[in-house]
K.L.:
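The structure follows.
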Amino acid sequence: MFNKLSRLKIKGDGIIWMVFFLLCIVSVLEVYSASSSLTYKAGNYWNPVLYHTILLFFGVGFMIVTMNIKCKYFKIVTPFALVISLVMLIAVLIVGQSTNGAQRWIGLFGIQFQPSEIAKGAVILAEAQILSAMQTIDGADRRAFKYILFVSLPIIFLIAMENLSTAALLFLTVIIMMFIGRVPKVQLGRLMGVLALLAATGFAMIMLVGNDAKEPTDSEKMNMTEQVVEKKEAPGFMAKIFHRADTWKARIVDFMDHTELSPEEVDLDKDAQKSHAKIAIASSNIVGKGPGNSVERDFLSQAFSDFIYAIIIEEMGIVGAAVVCLLYIILLFRTASIANRCANAFPALLIMGIALLLVTQAMFNMAVAVGLAPVTGQPLPLISKGGTSTIVNCVYVGIILSVSYTAKRKDETTEKRTMAKAA
């Protein structure tokens, strides 16, 4: 086993490596700074950042192993990944562990993870394989459209029952991949029309079914008993689908409320996350307070996860925040450059899907932190403190590096064809 590990080669695109390690450095620094609430509860200042650093080391290990797998072997994983994802997503709805009213985690052999993280990769793998297999001179075969929906919609629906924002971002990635994969524009246009109708219907259902009360604070969530939750939810299939309607409605109403309030009128208990994120950004004074000098980290309950970008702005200023945003943009454009060099469609579509998955989530997290989108539970990829997401995101980067290292290039293919004709 050690001989096999010793033969692993650390190769791949240098710019992707640079972006990855810069994001990891920012992650360690900001998680160390933003985990004050966790260190207070644990009674140990180093535990949260040590745990996160160890996870990153494991993630790098998985990334290196993945990078040394030839991209053609990823096709073999697809059917197994789809079946496992479906089973785990159904299992998490039945026996999953609930946190803040959402069942997103499942325990296995003492390890807690989110099946949705694995399911996202399975959908991207399947779509890349379908689109690449059904390419014609004029674009993707019309049948590819229904095959993609047949594979992706069940998984997206299961994810949406507990994590609507993750499902929406995944579906957005699926649609962009279909556009890149040259699915007929007529089919995409019809899909967009149906989605608009479904979105309007879903919005209406949420506003009708959901409670007008604001989302409970963190302290209120901790004091809520299982008995109260059971009384609140009516039995039945529709109740299971809309059991988070109160949370969704509260976030939508809060986001759409543009009433100007004076500092004295702001309720820091009810609007804690949004308010303290704004305070963190406003108090940065453009240049920032310096790493480790955040004040609002002590008041933001998810400072180390969902709102870590607000802490980055507070400590590193607008320049630091812009650099972090630029790193994700570089990741996307560099991946597009690698995909453009690929001789085959599958590796190109696969890494574009993965890059879009990471970057759209990152941009949405940033939009939430600065108040441009409703509050959701989306962490900042490769920076926020996490478990499953940290490992899986490292694997995603490993796939990009694998394609940059092992995939056939257009120039190599052209050169071989030229030599064959000359012979």
Side-chain angles (χ1 to χ4, degrees), residues 10 12-35 48-67 113-114 116-118 120-121 124 165-166 169-170 173 291 302-313 315-316 320-336 338 350-369 376-404:
I10 302 178
D13 187 79
I15 295 177
I16 299 294
W17 272 106
M18 180 192 70
V19 170
F20 173 75
F21 276 116
L22 286 175
L23 288 173
C24 286
I25 291 170
V26 173
S27 176
V28 173
L29 289 174
E30 293 305 322
V31 167
Y32 174 73
S33 176
S35 299
V49 71
L50 283 176
Y51 175 76
H52 180 66
T53 304
I54 291 171
L55 274 179
L56 277 177
F57 272 111
F58 272 106
V60 171
F62 279 106
M63 183 182 72
I64 293 173
V65 171
T66 305
M67 186 199 69
F113 64 94
Q114 292 189 62
S116 60
E117 294 295 331
I118 300 173
K120 290 190 296 185
I124 299 302
S165 58
T166 296
L169 291 175
L170 176 58
T173 303
Q302 296 296 322
F304 51 84
S305 180
D306 302 349
F307 282 87
I308 197 168
Y309 193 64
I311 304 302
I312 291 174
I313 298 175
E315 294 189 348
M316 302 173 65
V323 169
V324 171
C325 182
L326 182 62
L327 288 175
Y328 287 105
I329 295 173
I330 292 172
L331 175 64
L332 179 62
F333 278 89
R334 186 59 183 176
T335 303
I338 296 169
L350 175 60
I351 62 173
M352 280 306 301
I354 289 172
L356 286 167
L357 199 63
L358 292 172
V359 175
T360 53
Q361 181 178 330
M363 295 302 166
F364 193 78
N365 173 279
M366 295 176 190
V368 170
T376 63
Q378 292 298 320
L380 190 57
L382 298 172
I383 290 183
S384 292
K385 182 181 181 297
T388 314
S389 60
T390 300
I391 300 294
V392 173
N393 288 335
C394 289
V395 171
Y396 289 161
V397 176
I399 294 174
I400 298 174
L401 290 171
S402 171
V403 170
S404 73

K.L.:
Tell me, do Ile329 and Val359 make a side-chain contact under 4.5 Å, heavy atoms counted?
P.N.:
no
K.L.:
Hey, does the side chain of Asp306 reach the backbone of Asn365 with a donor-acceptor pair shorter than 3.5 angstrom?
P.N.:
no
K.L.:
Determine the minimum heavy-atom distance between Glu117 and Tyr396, stating which atoms define it.
P.N.:
O-OH, 2.8 Å
K.L.:
Show me, pair by pair, the donor-acceptor contacts under 3.5 angstrom made by side chains of residues 52-64, not counting sequence neighbours?
P.N.:
unit_1: His52; atom_1: NE2; unit_2: Ser27; atom_2: OG; d: 2.6
unit_1: Thr53; atom_1: OG1; unit_2: Val49; atom_2: O; d: 2.6

K.L.:
Side chains of Lys120 and Leu357: does their closest heavy-atom pair fall under 4.5 Å?
P.N.:
yes
K.L.:
Any chance you could measure Ile312, atom CD1, to Ile383, atom CD1, to the nearest 0.5 Å?
P.N.:
4.5 Å
K.L.:
Are the side chains of Leu380 and Tyr328 in touch, meaning some heavy atoms are under 4.5 Å apart?
P.N.:
yes
K.L.:
Can you classify the ring geometry of Phe21 versus Trp17 as parallel (below 30°), tilted (30 to 60°) or perpendicular (above 60°)?
P.N.:
parallel
K.L.:
Rounded to the nearest 0.5 Å, how far does CD1 of Ile354 lie from CG of Leu332?
P.N.:
12.5 Å
K.L.:
Report the distance from atom CD1 of Ile15 to atom CG of Leu327, rounding to the nearest 0.5 Å.
P.N.:
12.0 Å
K.L.:
Between atom CD1 of Ile330 and atom SG of Cys325, what is the distance when rounded to the nearest 0.5 Å?
P.N.:
10.0 Å
K.L.:
In the structure I gave you, are the side-chain heavy atoms of Val323 and Val26 within less than 4.5 Å of one another anywhere?
P.N.:
no
K.L.:
Could you check Ser384 against Glu30 for side-chain contact (heavy atoms from CB on, under 4.5 Å), going step by step and ending with a plain yes or no?
P.N.:
CA-CA 8 Å; Ser384 292; Glu30 293 305 322; over 6 Å; no
K.L.:
Restricting to non-hydrogen atoms, name the atom on Tyr309 and the atom on Ala321 that form the minimum distance, rounded to 0.1 Å.
P.N.:
OH-O, 2.9 Å
K.L.:
Between Val397 and Asn393, is any pair of side-chain heavy atoms under 4.5 Å apart?
P.N.:
no
K.L.:
Looking at CG of Leu331 and CG of Leu356, how far apart are the two atoms once the value is rounded to the nearest 0.5 Å?
P.N.:
10.0 Å
K.L.:
Dump the intermediate steps for side-chain contact (heavy atoms from CB on, under 4.5 Å) on Val324 and Met366, then the final yes or no.
P.N.:
CA-CA 10 Å; Val324 171; Met366 295 176 190; 4.2 Å; yes
K.L.:
Work out which heavy atom in Leu350 is nearest to a heavy atom in Ile124; give both atom names and the distance.
P.N.:
O-CG2, 3.8 Å
K.L.:
Determine yes or no for a side-chain-to-main-chain donor-acceptor pair under 3.5 angstrom, with Ser404 supplying the side chain and Leu401 the backbone.
P.N.:
yes
K.L.:
Check whether any side-chain N or O of Thr66 sits under 3.5 Å from a backbone N or O of Gly398 as a donor-acceptor pair, and report yes or no.
P.N.:
no
K.L.:
At what distance, to the nearest 0.5 angstrom, does CZ of Arg334 lie from CE of Met18?
P.N.:
9.5 Å
K.L.:
Taking all heavy atoms of Thr166 and all of Gln378, pick out the closest pair and write down the distance.
P.N.:
OG1-NE2, 2.6 Å
